[in-house]
> 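Pasting in a structure now, in structure tokens, and then I'll have a few things to ask.
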Amino acid sequence: MGYGELIIRSYDPQYDRTRVEDFERKCEVGPAKRVFLFTDTLGDPICRIRNSPIYKMLVAELGNQLVGVIQGSIKLVTVHKPPNDLAKVGYILGLRVSSLYRRRGIGSSLVIKLEEWFIANDVDYAYMATEKDNKASVKLFVDRLSYVKFQTPTILVNPVSHRMSRISSNVELAKLKVEEAEAIYRKSMSSTEFFPIDIGNILRNKLSLGTWAAYPRGESWGGVPSSWAMLSVWNSGELFKLRLGNAPLSCLMYTKSSRLIEKLVPCVKLPCIPDFFRPFGFYFIYGVYREGPLSGKLVRTLCRFVHNMASKSKDCKVIVTEVGGSDTSRLHIPYWKSLSCPEDLWCIKALKNEKKNSLHELTKTPPTRALFVDPREV
């Protein structure tokens with residue numbers, strides 16, 4: 001049975017907005033065998049890339065039927081060691097293909113078309129992120145499209161409770177000015193792979209709620225404390241909402257019973273799962289950095305502070321953080337194992353012949369201690 005010619009074109013907001021919104025609502029996020037999420041882009045299908053320097057969405061059609069979408073963004077980042085090693089990279093995200101039209105090459109055609117746009121914009125590398133156990137995605141990018149495994153960061157997810165977390169009286173917290181935060185990040189994290197050159201634009205974005213530092217009480221921030229930590233917070237819930245689309249009955253029952261017990265007997269410290277079955281937002285912690293023997297405890301204190309800030313938000317149900325797989329900061333960041341992803345997978349591909357040798361070096365270099373994950377790509 002014929003389905004007509006596959007047409008891939010640029011997203012037209014006037015014609016495609018409603019169609020893509022409806023399409024996104026029907027597409028789950030995550031492997032089908034696991035709990036998955038539905039996204040609500042709040043009337044703006046390109047909300048996840050709109051804050052990037054350069055961006056594009058492509059749609060795929062068979063006849064008049066929308067069968068697939070993909071998004072991409074371009075930015076300048078550091079690779080290897082700055083300041084000489086800079087690269088223009090294209091990030092691939094939001095690849096969706098209708099369940100009725102899968103295994104027909106639509107996904108690979110969308111990726112190839114987006115790569116062509118990258119090449120036209122002088123991009124050195126294309127990269128993407130997926131769950132390590134998402135076999136369909138790994139097969140498409142690694143086996144068919146020649147992407148190479150690059151990093152395996154850890155995604156940590158912590159639910160937000162209305163109970164306020166205790167902040168140690170031995171720790172001093174300070175909100176940093178954007179200029180100060182930018183200077184510290186450039187000094188401390190610019191040697192990490194894919195550190196965005198336009199970090200100042202990220203920190204000044206209205207979705208960035210601020211940057212905070214923690215250090216031992218009694219010491220001076222201006223005098224370089226013996227231990228310190230810092231992080232920034234991005235309000236992803238202002239861009240789009242998530243909703244749990246599938247979960248075991250036991251999970252649903254536990255969610256409802258734990259909330260009931262918490263109301264009736266508040267002294268019982270039963271872990272309470274937020275209501276993920278209704279649309280919810282989340283905070284994303286980025287730029288986690290620490291120095292000194294007590295810095296781990298300071299990271300934990302900062303995370304508790306962010307939790308307390310999120311608990312006052314109307315619809316923030318979880319706090320998400322992504323750190324390098326070898327970054328020991330993850331030992332100090334609160335999270336629920338059942339909600340987190342121990343090994344996210346980043347894959348990369350050189351789009352220029354002269355970059356293929358450096359790609360081998362890039363993928364074989366041991367991961368740095370800290371990893372700067374751009375919140376615009378969450």
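From a predicted model like this one, the values you see are computed outputs, not experimental measurements.
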> So, taking the atom named OG in Ser10 and the one named NZ in Lys113, what distance separates them when rounded to the nearest 0.5 Å?
9.0 Å
> To the nearest 0.5 Å, tell me how far Lys135 NZ sits from Thr130 OG1.
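Between atom NZ of Lys135 and atom OG1 of Thr130 there are 13.0 Å.
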> Give the minimum heavy-atom separation between Ser165 and Asn308, together with the two atoms involved.
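Smallest interatomic distance, heavy atoms only, reads N-OD1, 2.6 Å.
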> Specify the closest pair of heavy atoms between Pro225 and Pro216, including all atoms of both residues, with the distance to one decimal.
CB-CD, 4.4 Å
> Using a side-chain heavy atom cutoff under 4.5 Å and only I, L, V, M, F, W and Y, what cluster partners does Val142 have?
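Val138, Leu345, all in the cluster of Val142.
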> Indicate yes or no: does Arg19 engage Glu61 in a salt bridge with an N to O separation below 4.0 Å.
yes
> Report yes or no: is the cationic atom of Arg48 (NZ for Lys, CZ for Arg) under 6.0 Å from the centre of the six-membered ring of Phe240, at an angle within 45° of the ring normal?
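Relative to the ring axis of Phe240, which defines the angle, Arg48 lies inside both limits.
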> Do Trp212 and Phe305 have ring centroids that are under 6.0 Å from one another?
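So the answer is yes for these two rings.
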> Within this structure, what is the CD1-CG distance for the pair Ile319 and Leu156, rounded to the nearest 0.5 Å?
11.5 Å
> Are Arg17 and Asp22 ion-paired here, with the side-chain N under 4.0 Å from a carboxylate O?
no
> Tell me which pairs pass ring-ring contact (aromatic ring centres under 6.0 Å, His included) where either residue lies in residues 42-65, with sequence neighbours left out.
none
> Considering non-hydrogen atoms only, spot the tightest contact between Ile184 and Leu176 and give its length.
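Closest approach of Ile184 to Leu176: CD1-CD1, 4.0 Å.
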> Among side-chain atoms of Thr152 and Lys132, is any donor-acceptor pair under 3.5 angstrom?
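No, because no side-chain N or O of Thr152 sits under 3.5 Å from a partner of the opposite role on Lys132.
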> Go through Tyr127 and Tyr147 one step at a time and tell me if the ring pair (Phe, Tyr, Trp, His ring centres under 6.0 Å) criterion holds.
CA-CA 8 Å; Tyr127 74 110; Tyr147 281 70; 9.5 Å; no
> When rounded to the nearest 0.5 angstrom, what is the spacing between CZ in Arg376 and CG in Leu239?
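Answer for the CZ-CG pair, Arg376 versus Leu239, is 12.0 Å.
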> Compare all side-chain heavy atoms of Pro153 with those of Val373 and state whether any distance is below 4.5 angstrom.
no
> Check the angle between the aromatic planes of Trp228 and Tyr289 and answer parallel, tilted or perpendicular using the 30° and 60° thresholds.
tilted
> Within the structure provided, determine whether Asn158 and Val318 are in side-chain contact (heavy-atom separation under 4.5 Å).
no
> For a quick test of reading the model, state the closest non-hydrogen atom pair linking Gly325 to Arg330 and the distance between them.
O-NH1, 3.1 Å
> If I compare all heavy atoms of Met128 with all of Ser137, which pair ends up nearest, and what's the gap?
CE-OG, 3.6 Å
> Students often mix this up, so state it plainly: with edges at 30° and 60°, are the rings of Trp346 and Phe150 parallel, tilted or perpendicular?
tilted
> Test Val320 against Tyr335 for side-chain contact (heavy atoms from CB on, under 4.5 Å), laying out the working first.
CA-CA 9 Å; Val320 182; Tyr335 71 97; over 6 Å; no
> Say you draw a straight line from CD of Glu291 to CG of Leu298; how long is it, rounded to the nearest 0.5 Å?
11.5 Å
> Which pair of heavy atoms, one from Val97 and one from Arg102, lies closest together, and at what distance?
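That would be O-NE, 2.9 Å.
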> If I take atom SG from residue Cys47 and atom CD from residue Glu238, how far apart are they, to the nearest 0.5 angstrom?
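Reported to 0.5 Å precision, the distance equals 11.5 Å.
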> Should we say atom CZ of Arg278 is surrounded by more than 12 heavy atoms from elsewhere, each under 6.0 Å from it?
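For Arg278, atom CZ is not crowded (no more than 12 foreign heavy atoms under 6.0 Å).
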> Please list, chain by chain and in numerical order, all residues satisfying side-chain contact (heavy atoms from CB on, under 4.5 Å) with Leu42, sequence neighbours excluded.
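Scan of Leu42 (side-chain contact (heavy atoms from CB on, under 4.5 Å), adjacent residues dropped) gives Asp40, Lys241.
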> Run the numbers on Tyr125 and Phe118 for ring pair (Phe, Tyr, Trp, His ring centres under 6.0 Å), then give the verdict.
CA-CA 9 Å; Tyr125 303 100; Phe118 286 157; over 10 Å; no
> Quick one: do Lys75 and Glu377 make a salt bridge, cutoff under 4.0 Å?
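Yes.
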> Assess whether salt bridge (Lys or Arg N to Asp or Glu O under 4.0 Å) is satisfied between Lys88 and Asp124, documenting all intermediate values.
CA-CA 5 Å; Lys88 187 180 284 189; Asp124 299 301; over 6 Å; no
